[in-house]
Engineer: 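The following block contains the structure, expressed as structure tokens.
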Amino acid sequence: MAAIFAGSPVSAVNTTQEMLVESHYPLIAARVFEFQSEKAGRKYRIMVSLPGSYDTSGDDTRYPVLYTVDGQWHFPIAQAAIGGLYYDRGARESIVVGITWMGDEDNANRLRVEDFTPTNTDSRSGSGKADQYLDFLQFELIPYMAENYRTSDDRTLSGSSFGGLLTLYCLFTRPSVFTDYLASTPAIWWDEGAIRKFQKTFSEKELRSPARLYVARGEMEYAQTGIDDFVDELKAENYKNLEIEFDVIKGAGHGGLNPEAFTRGVQYIFKKKRVNIDTKQLEAYTGSYKGPSGWPDITVSFSDGALYSKDSQSQTSLHWVAVEKNLFFITNTGAEVSFSVNDSGEVTKLNLKVESGTFSFSRQTTD
């Protein structure tokens, strides 16, 4: 059941408490509140899903945030994708924020065209308010989340269709607001391809750190093959600080591609190097570790700037992703690893955490 909080409406001026609202998402474990935006001149409904470890982790633990627009449709998808990927250790535990409007679905269908489009056209009254919406995200909602939740500076913006158009527009015009971008079947056709005008003025020099852009479309989408050419044009620019991945989701249409697109997109974005660990430190973790009763021994090696492991039974090489200085995910295995170090700074144990518990492997010394 959704968690409901009592208090006053949240706004840029009054951010004291979350407001009591009736949730329209009864099957989702989420904190739901209303947010009055002065920048956009609208009231939004915000849904926040916290990681399972949030309440028990220390105050210094910070979590990345996935912001998904069109939360009325995509918040459950994003929440499920993050949860499933973390179970496999294919992604980190993350806070998921869904953003939608007050009112019914017809109201959302109208307002999303206004809020997500970067230019105004005569055919759509009220369109072209993307800058006001991005002002709301940048100057109101993101600061509110930072003040009230333990968020890190790792932020991903995701959206589909018009939301995908907004995601691209944000990357091209405000690339420092988010660190990564997930644009599912973006409406690049809007206003005769006006998004290309903003892409032409995009400068990679504004990126505060290397970013990743994931774009997808459905194989069965009618007249959406222009997305392929658009992505090819982006890749041809060879932006210094921007990596781009593109998928065509087989057998999927405009709406049906989103569960797989979100999953693939988060997997791709997670591959980005998150922490810098000195090569000497990584090499200190290498070696052979003897498993407890019933477990095979593990050998840890260092190659191409990353750690890998093999066990004595399968001999399958598994890639490790560094999440913190002494915390690694063994990608898509449901396992994470940390190390024990003695007073002399020597690594003594490998601690393997899986669903059934945490198991220690003793480091083997060589004569």
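Side chains are part of it too, since the values below use all heavy atoms of this structure and drop only hydrogens, waters and symmetry mates.
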Engineer: Before giving the answer on side chain to side chain donor-acceptor pair (under 3.5 Å), spell out for S160 and D70 the whole-Å C-alpha distance, their side-chain angles and the decisive distance to 0.1 Å.
Structural biologist: CA-CA 8 Å; S160 180; D70 276 329; over 6 Å; no

Engineer: Do F35 and I99 come within less than 4.5 Å of each other through their side chains, counting heavy atoms only?
Structural biologist: no

Engineer: Between R112 and N109, does the side chain to side chain donor-acceptor pair (under 3.5 Å) criterion hold? Intermediate values first, please.
Structural biologist: CA-CA 6 Å; R112 66 194 298 268; N109 278 320; 5.0 Å; no

Engineer: Taking R45 for its side chain and G98 for its backbone only, find out whether a donor-acceptor pair lies under 3.5 Å.
Structural biologist: no

Engineer: Quick one: are F328 and I277 in side-chain contact, heavy atoms under 4.5 Å?
Structural biologist: yes

Engineer: Report yes or no: do R150 and S57 form a side-chain donor-acceptor pair below 3.5 Å?
Structural biologist: yes

Engineer: Compare every heavy atom of G253 with every heavy atom of E221, then report the nearest pair and how far apart it is.
Structural biologist: CG-C, 3.6 Å

Engineer: Any chance you could measure N276, atom CG, to Q281, atom CD, to the nearest 0.5 Å?
Structural biologist: 13.5 Å

Engineer: I'd like to know whether D154 forms a salt bridge (Lys or Arg N to Asp or Glu O under 4.0 Å) with R62, so could you lay out the CA-CA distance, the side-chain angles of the two residues, the decisive distance to 0.1 Å, and finally the verdict.
Structural biologist: CA-CA 9 Å; D154 231 332; R62 300 279 164 176; over 6 Å; no

Engineer: Which atom pair, heavy atoms only, marks the closest approach of N332 to G90?
Structural biologist: OD1-CA, 3.2 Å

Engineer: Determine whether a donor-acceptor pair (N or O, by modelled atom type, separation under 3.5 Å) exists between the side chain of S158 and the backbone of Y67.
Structural biologist: yes

Engineer: Given the rule in the side-chain contact (heavy atoms from CB on, under 4.5 Å) test, do Y181 and I244 qualify, once you have shown the distances and angles that lead to the verdict?
Structural biologist: CA-CA 10 Å; Y181 303 84; I244 303 169; over 6 Å; no

Engineer: Using only heavy-atom distances, determine whether the side chains of S53 and Y63 contain a donor-acceptor pair under 3.5 Å.
Structural biologist: yes

Engineer: Check this for me: Y87, atom OH, are more than 12 non-hydrogen atoms of other residues, nucleotides or ligands nearer than 6.0 Å?
Structural biologist: no

Engineer: Are I82 and V323 connected in a single hydrophobic cluster, I mean Ile/Leu/Val/Met/Phe/Trp/Tyr linked by side-chain heavy atoms less than 4.5 Å apart?
Structural biologist: no

Engineer: Is there a side-chain contact between I46 and F75, using heavy atoms and a 4.5 Å cut-off?
Structural biologist: no

Engineer: If hydrophobic clusters are built by linking Ile, Leu, Val, Met, Phe, Trp and Tyr wherever their side-chain heavy atoms come under 4.5 Å apart, do M220 and W189 end up in the same one?
Structural biologist: no

Engineer: Should P186 and T167 count as side-chain neighbours, where that means a heavy-atom distance under 4.5 Å?
Structural biologist: no

Engineer: Is it the case that the side chain of E219 and the backbone of A252 share a donor-acceptor pair, with hydrogens and angles ignored and the cut-off at 3.5 Å?
Structural biologist: no

Engineer: Between the side chains of E114 and R42, is the shortest nitrogen-to-carboxylate-oxygen separation below 4.0 Å, so that they form an ion pair?
Structural biologist: yes

Engineer: Inspect the surroundings of NZ in K235 and state if more than 12 heavy atoms from other residues, nucleotides or ligands are less than 6.0 Å away.
Structural biologist: yes

Engineer: Between V97 and Y44, is there shared hydrophobic-cluster membership here, with clusters defined by ILVMFWY side-chain heavy atoms closer than 4.5 Å?
Structural biologist: yes

Engineer: Between the main-chain N or O of D297 and the side-chain N or O of S312, is there a donor-acceptor pair closer than 3.5 Å?
Structural biologist: yes

Engineer: In terms of side-chain heavy atoms, does S338 have a donor or acceptor partner in N326 at a distance below 3.5 Å?
Structural biologist: no

Engineer: Which pair of non-hydrogen atoms, one from N107 and one from M102, has the smallest distance, and what is that distance?
Structural biologist: ND2-O, 2.7 Å

Engineer: Does D232 reach the side chain of F246, with side-chain heavy atoms less than 4.5 Å apart?
Structural biologist: no

Engineer: Would you sort out whether N342 and T348 count as a side chain to side chain donor-acceptor pair (under 3.5 Å), showing the intermediate values?
Structural biologist: CA-CA 7 Å; N342 63 21; T348 59; 5.8 Å; no

Engineer: State which residue, out of W190, F172, Y169, fulfils the ring pair (Phe, Tyr, Trp, His ring centres under 6.0 Å) condition with F198.
Structural biologist: Y169

Engineer: Within this structure, what is the CG-CG distance for the pair D180 and L242, rounded to the nearest 0.5 Å?
Structural biologist: 9.5 Å

Engineer: Please round to the nearest 0.5 Å and tell me the distance separating atom CZ of F116 and atom CG of L168.
Structural biologist: 13.0 Å

Engineer: How long is the span from the CG atom in L134 to the NZ atom in K39, to the nearest 0.5 Å?
Structural biologist: 12.5 Å

Engineer: Of the non-hydrogen atoms in V354 and A335, which two are nearest, and what is the gap between them?
Structural biologist: CG1-CB, 3.8 Å

Engineer: Answer with yes or no after comparing the ring centroid distance for F136 and Y133 against a 6.0 Å cut-off, counting only values under it.
Structural biologist: yes

Engineer: Do we see a donor-acceptor contact under 3.5 Å between the side chains of Y144 and E140?
Structural biologist: no

Engineer: How about CD on Q315, more than 12 heavy atoms from neighbouring residues, nucleotides or ligands closer than 6.0 Å, or not?
Structural biologist: yes

Engineer: Where do D115 and W101 land on the side chain to side chain donor-acceptor pair (under 3.5 Å) test, with the steps shown first?
Structural biologist: CA-CA 10 Å; D115 279 356; W101 300 267; 2.9 Å; yes

Engineer: I'd like to know if R174 and D135 make a salt bridge, using a cut-off of under 4.0 Å between side-chain N and carboxylate O.
Structural biologist: yes

Engineer: I'd like to know if the side chain of D229 and the backbone of G226 have a donor-acceptor N/O pair within less than 3.5 Å.
Structural biologist: no

Engineer: How many angstroms lie between CD in E233 and CD1 in I188, if you round to the nearest 0.5 Å?
Structural biologist: 8.0 Å

Engineer: Nearest 0.5 Å please: distance from the NZ atom of K240 over to the CD atom of E237.
Structural biologist: 16.0 Å

Engineer: Return the minimal non-hydrogen interatomic distance between V337 and L350, and the atom names on each side.
Structural biologist: CG1-CG, 3.8 Å

Engineer: Under 3.5 Å, is there a donor on one side chain and an acceptor on the other for Q72 and T100?
Structural biologist: yes

Engineer: Establish, from distance only, whether the side-chain atoms of T358 and N351 form a donor-acceptor pair under 3.5 Å.
Structural biologist: no

Engineer: Is a side-chain N or O of N120 found less than 3.5 angstrom from the main chain of S127, in a donor-acceptor match?
Structural biologist: yes

Engineer: Answer yes or no: is there a donor N or O on one side and an acceptor on the other, between the side chain of D247 and the main chain of A261, under 3.5 Å?
Structural biologist: no

Engineer: Under 4.5 Å between any side-chain heavy atoms of I330 and R89, yes or no?
Structural biologist: no

Engineer: Anything under 30° is parallel, anything over 60° is perpendicular, the rest tilted; go ahead and classify W295 against F359.
Structural biologist: tilted

Engineer: Are any non-hydrogen side-chain atoms of R155 and L157 less than 4.5 angstrom apart?
Structural biologist: no

Engineer: Is it the case that R212 places NZ or CZ above or below the six-membered ring of Y268, under 6.0 angstrom from the centre and within 45 degrees of the axis?
Structural biologist: yes

Engineer: Is the backbone of G128 close enough, under 3.5 Å, to the side chain of T117 for a donor and an acceptor to pair up by distance?
Structural biologist: yes

Engineer: Could you go through L85 and T263, starting from their C-alpha distance and side-chain angles, then the distance that decides it, and tell me whether this counts as side-chain contact (heavy atoms from CB on, under 4.5 Å)?
Structural biologist: CA-CA 8 Å; L85 288 171; T263 298; 4.0 Å; yes

Engineer: Which heavy atom of V347 sits nearest to which heavy atom of A284, and what is that distance?
Structural biologist: CG2-O, 3.7 Å

Engineer: May I have the step-by-step check of side-chain contact (heavy atoms from CB on, under 4.5 Å) for D228 and V248, ending in yes or no?
Structural biologist: CA-CA 9 Å; D228 305 43; V248 176; 4.2 Å; yes

Engineer: State, yes or no, whether a side-chain contact exists between L182 and T68 at a heavy-atom distance under 4.5 Å.
Structural biologist: no

Engineer: Under the criterion side-chain contact (heavy atoms from CB on, under 4.5 Å), I'd like the reasoning laid out for K271 against V321: C-alpha separation, chi angles, the key distance, then a yes or no.
Structural biologist: CA-CA 8 Å; K271 291 178 183 177; V321 175; over 6 Å; no

Engineer: Assess whether atom CE of M145 is packed by more than 12 heavy atoms of other residues, nucleotides or ligands within 6.0 Å.
Structural biologist: yes

Engineer: Where does the angle between the aromatic ring planes of F339 and Y289 fall among parallel (under 30°), tilted (30 to 60°) and perpendicular (over 60°)?
Structural biologist: tilted

